[in-house]
Amino acid sequence: MEGLLLDNDFAEEEDKPYVRLFLKRDGETIAALDPNFETYLYVVADHPNRVLKMVGKVEVHGLRPKSVELVNRTFLGKKVEAIKVAFNRPSDMPDLRHAIRDLPGVKEMYEFDIPPARRYLIDRCLTPMSGISIKGKTIDQDGMKIVVLDEPPVPAKVPEQELKIMSFDIEVYNPAGSPRPDKDPIIMVSLADNRGLKKVITWKDFKTGQDFVEVVKDEKELLERFVEMVKERDADILMGYNTDLFDFPYIRERARRLKVKLKLGRDGSEVLARKKRFATASRIRGRVHIDVYTMVNFLATIGHIRLIHYNLEEVYKYMLGKDKPDFEFTEFVDAWERGGERARDLLEYSLSDAQATLEIGLELLPLFFELTHIVRQSPFDVSRMTPGQLVEWLLISEAHNVGELVPARPVGEEFEERLDETYVGAYVMEPVKGLHEDLVVFDYRSLYPSIIVTHNIDPSTLNCDCCKPSQVVTVPEFGYKFCTNRRGLIPSTLEKIIQERVRLKGEMKKYKPGSREYRQLDAQQWALKITANSFYGMLGYPRARWYFKQCAESVTSFGRHYIKNTINMAKDFGFDVVYSDTDSLFTKLNGKGRDSAMRFLKQVNDSLPGIIELELEGFYQRGVFITKKRYAMIDDEDRIVVKGLEFVRRDWAAIAKKTQEAVLKAVLRDGSPKEAAEIVRKTTKDIVGGRVSLEDLIIYTQLTMAIENYRAIGPHVVAAKKLRAKGVEIEPGMIIAYIEAKGTGSISERAVPVEDFKGVEYDPDYYVENQVLPAVMRIMEVLGYKDEDLRYEKAKQVKLAEFVDDSKI
DNA sequence: CTTACACGGGG
DNA sequence: GGGTACGTGTAAG
């Protein structure tokens with residue numbers, strides 16, 4: 001039997017452990033159970049034979065190793081004789097491992113920290129989201145085939161399988177600002193899927209006549225109906241936006257209180273909370289829960305999406321180019337209580353959330369499925385990995401295939417020591433501050449990967465004893481040398497990734513952009529690019545298994561060498577370099593025409609070794625450069641890219657956010673700092689003149705602990721105390737909305753809760769000096785303005801005319 | 001200056 | 001599977 005491998009997990013039933021594989025075939029789901037899998041670790045010891053005998057006799061609470069054997073492996077390229085210790089079940093490992101560690105002669109232990117389901121995929125060479133072939137006894141159970149395997153599964157080609165992809169979203173009653181899962185009910189669940197489903201389930205009948213609305217009796221029934229719908233639509237993939245952090249934890253708590261069993265699993269199991277660092281990822285057996293936000297966030301951290309905010313609305317607008325209806329969360333309660341037109345809007349909004357999540361998810365899934373193929377771990381795990389983890393799991397798999405032992409994750413002292421090790425990073429040029437027009441941006445195509453491959457950078461090749469000094473390239477500034485005879489695990493794995501990408505790029509030329517084949521190949525090459533670009537980061541990440549400081553610093557050293565050379569070449573060519581960061585170069589064309597950029601590119605590339613190559617990133621009409629890492633540019637399509645200015649958050653008043661946004665637009669779209677300055681002056685004038693609506697002055701800050709526990713009494717704490725004094729119940733998690741009032745004393749003392757603000761005067765000074773000006777000054781000061789030029793003060797405006805001649809810009 | 005606390009996504 | 005988020009900003013003290 002063959003099918004697409006969707007997911008795998010590890011489970012134990014009546015003390016019998018097994019690995020389970022979920023397969024899809026022609027719309028049918030198959031669960032394949034494999035009781036035959038290995039759980040093991042490696043021991044490296046001074047006298048392997050003597051230690052082997054001792055390990056074989058270890059016993060803890062009646063548990064003993066299943067088997068011990070001597071095997072030949074390598075560690076960081078060097079041959080080692082290792083003791084492979086196998087266990088009867090994964091749960092036997094922790095106690096026995098500690099007992100083995102304490103045996104005399106034991107030097108190191110490896111691969112004890114690889115979870116069974118992942119170990120299984122690696123050892124069996126299976127790739128999720130690909131075909132596999134299985135053999136075994138079949139039992140039918142509730143529409144799902146269960147196969148008990150009597151042979152190991154093997155990779156196989158299967159025709160493309162259509163997956164049922166569903167998204168959902170919840171709306172929650174939130175009278176306290178932040179919803180409290182112990183009190184506030186879920187009022188709506190919206191659903192959408194790739195087969196046309198559009199539904200909102202709610203438990204108040206607003207009689208809006210919207211055909212997608214289904215009314216149930218109460219919240220309990222709403223949750224039951226949600227579970228029923230997921231089963232009915234038979235979702236293979238269940239998506240949401242920020243569901244790991246919000247929706248699932250909330251649903252779980254409500255379900256617990258209402259005594260609803262969240263049996264979303266294909267085997268009838270409940271949603272599992274898998275602890276993952278600070279968050280909890282929810283796992284559904286047999287279905288893949290994908291949090292679209294984690295995918296978006298991943299792309300944001302690697303710089304493939306750059307937005308000011310990564311909320312659903314903005315991400316949807318950026319990725320799909322469409323607007324979705326907005327609904328302020330502060331208005332939920334009112335809409336729910338009063339019904340009518342607002343309830344109608346809320347239902348519409350709820351559906352649009354599920355729909356937008358579905359559309360974004362459908363855009364991103366192909367990429368993450370390709371990452372799954374590369375890394376060879378489940379899409380559930382891969383969609384939640386950091387770039388460093390992607391590389392790590394790929395290397396673990398590659399290491400296994402070549403008999404290389406996997407370094408353990410660093411813990412305790414080893415990790416702490418790494419934190420103290422620092423090394424010089426990339427070269428970042430101090431920008432030529434101010435507004436620049438007619439820009440061309442160049443960047444090195446995968447600079448760090450190219451360096452790693454070209455110079456064979458790997459812990460096993462560092463300062464080898466087999467090469468003559470004259471044969472090897474020396475790392476600039478350090479004098480390290482890397483072997484030229486044998487390939488290291490890291491460069492050889494990376495080289496395969498890069499070569500495959502080159503092949504796919506060639507393949508893509510055979511197809512029309514936009515065609516199915518083209519898009520598939522594009523996702524593949526993109527996933528390879530992301531993976532390749534993550535190798536360097538991993539080398540320098542203290543938590544990584546393959547962390548090697550000398551390798552990481554060699555990469556950056558070579559990087560600085562290449563980019564500085566390029567800057568000098570650009571200057572010689574006649575371009576003004578306004579900024580450079582790591583592998584990129586921002587230059588002014590100086591009226592030379594865009595074709596000159598191509599000539600420069602060729603000149604540089606002719607001078608570069610190996611696979612290191614400079615590329616043209618794009619042309620920009622205008623850009624404002626503020627400091628290192630802080631700039632904004634606008635391209636030919638009027639798209640604004642902003643870097644490093646993202647400090648507009650909810651604990652800033654709306655007036656500050658709005659003014660900053662308007663200033664950037666004026667500067668970039670219209671090229672007019674004068675107009676921007678006018679916007680700021682008008683705003684400060686409005687603030688001083690009391691013409692700003694209170695709405696725009698509210699600052700929202702969350703109470704993160706009980707009010708008594710605060711040692712630092714910030715404004716929101718004072719405002720919360722004032723609320724409590726008049727009988728409002730105050731608890732952690734509440735968002736306190738306050739306004740700064742005019743008067744004497746610290747900012748904290750003058751914080752007044754919004755609901756008490758009637759008849760009070762706000763503090764114009766605070767809003768000008770601590771809100772609006774800080775938000776816009778970073779931009780304005782590089783354009784030649786001083787803060788006194790931007791405050792509303794008639795005398796200063798006259799002075800401004802002398803100080804800045806904006807007419808020239 | 002150091003220390004404390006909050007931001008993000010979600011509602 | 002996991003003892004542990006993270007990088008960065010403001011205000012209080």
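In the text below, chain A, chain B and the rest are named by the order of the sequence lines, each starting its count at 1.
With rounding to whole Å, M295(A) atom CE is found 22 Å from dG8(B) atom P. Per the geometry, CZ belonging to R283(A) stands 14 Å off C1' belonging to dG2(C), to the nearest Å. Going from atom CE of M239(A) over to atom P of dG9(B) covers 19 Å, rounded to whole Å. A straight line from CG of N242(A) to C1' of dG10(B) spans 5 Å, rounded to a whole angstrom. Note: OH (Y700(A)) to C1' (dG9(B)) measures 18 Å, nearest angstrom. For the pair E171(A) CD and dG10(B) C1', the computed distance is 10 Å after rounding to whole Å. The nearest whole Å value for the distance from the CG atom in D169(A) to the P atom in dG9(B) is 16 Å. The distance between atom CH2 of W652(A) and atom P of dA6(B), rounded to the nearest whole Å, is 17 Å.
In this structure, the nucleotide among dC6(C), dG10(B), dG1(C) sitting nearest to the side chain of L312(A) is dG10(B). Closest to the side chain of H716(A), from the set dA12(C), dA6(B), dG10(B), is dA6(B). When distances are taken from the side chain of Y241(A) to each of dC6(C), dG9(B), dG1(C), the shortest belongs to dG9(B). Distances were taken from every side-chain heavy atom of L245(A) (C-beta onward) to each of dG9(B), dG10(B), dA6(B); the shortest belongs to dG9(B). Comparing dG10(B), dT10(C), dG1(C) against the side chain of P115(A) picks out dG1(C) as the nearest. With dC6(C), dA6(B), dG9(B) as the candidates, the nucleotide lying closest to the side chain of Y310(A) is dG9(B). Nearest to the side-chain atoms of N770(A) among the listed nucleotides dA6(B), dA11(C), dG10(B) stands dA11(C). If you check dG9(B), dG13(C), dA11(C) against the side chain of Y766(A), the one that comes closest is dA11(C). Checking dG2(C), dG13(C), dG10(B) against the side-chain heavy atoms of R409(A) singles out dG2(C) as nearest. Set against dT10(C), dG10(B), dC6(C), the side chain of Y541(A) has dC6(C) as its closest nucleotide.
Enclosure of atom CZ in R338(A) is not indicated, since only 12 or fewer non-hydrogen atoms of other residues, nucleotides or ligands lie within 6.0 angstrom. Heavy atoms of other residues, nucleotides or ligands lying less than 6.0 angstrom from NZ of K722(A) number more than 12.
Residue contacts for R543(A): at a heavy-atom cut-off of 4.0 Å it reaches the sugar-phosphate backbone alone, with no base atom in range. Contacts of S748(A) with the nucleic acid, taken as non-hydrogen atoms under 4.0 Å apart, involve only primed sugar atoms and P, OP1 or OP2. Within 4.0 Å of F327(A), counting heavy atoms only, lies no atom of the nucleic acid at all. As judged by a 4.0 angstrom heavy-atom cut-off over every strand, D353(A) is placed among residues touching the sugar-phosphate backbone only. Contacts of D291(A) with the nucleic acid, taken as non-hydrogen atoms under 4.0 Å apart, are absent. Residue I114(A) is out of contact with every strand shown, counting any heavy-atom pair closer than 4.0 Å.
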Enumerate the protein-to-nucleotides 2-4 of chain B contacts in which both atoms are nitrogen or oxygen and the separation is below 3.5 Å.
{"from": "dA4(B)", "atom 1": "OP1", "to": "R711(A)", "atom 2": "NH1", "distance (Å)": "3.4"}

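Phosphate proximity of dG10(B) to T243(A): absent, as no side-chain N or O sits under 4.0 Å from OP1 or OP2. Using a 4.0 Å cut-off, no side-chain N or O of R384(A) falls inside it from OP1 or OP2 of dA5(C).
Donor-acceptor pairing under 3.5 Å is lacking for the side chains of Y631(A) and D581(A).
Looking at D7(A), its side chain never comes within 3.5 Å of a backbone N or O of G286(A) through a donor-acceptor pair. Panel note: side chain Q377(A), backbone V382(A); no donor-acceptor pair is recorded below 3.5 Å.
Residues satisfying the salt bridge (charged side-chain N to carboxylate O under 4.0 Å, His left out) test with D247(A), not counting sequence neighbours, are none. Residues satisfying the salt bridge (charged side-chain N to carboxylate O under 4.0 Å, His left out) criterion with K16(A), sequence neighbours excluded, are absent altogether.
When the C1' atom is used for both dG9(B) and dA5(C), the distance is 14 Å, rounded to whole Å.
Of the charged side-chain nitrogens involved, at least one lies within less than 4.0 Å of a carboxylate oxygen, so that R257(A) and E253(A) count as a salt-bridged pair. A salt bridge does not link R409(A) to E392(A): none of the charged side-chain nitrogens sits closer than 4.0 Å to a carboxylate oxygen.
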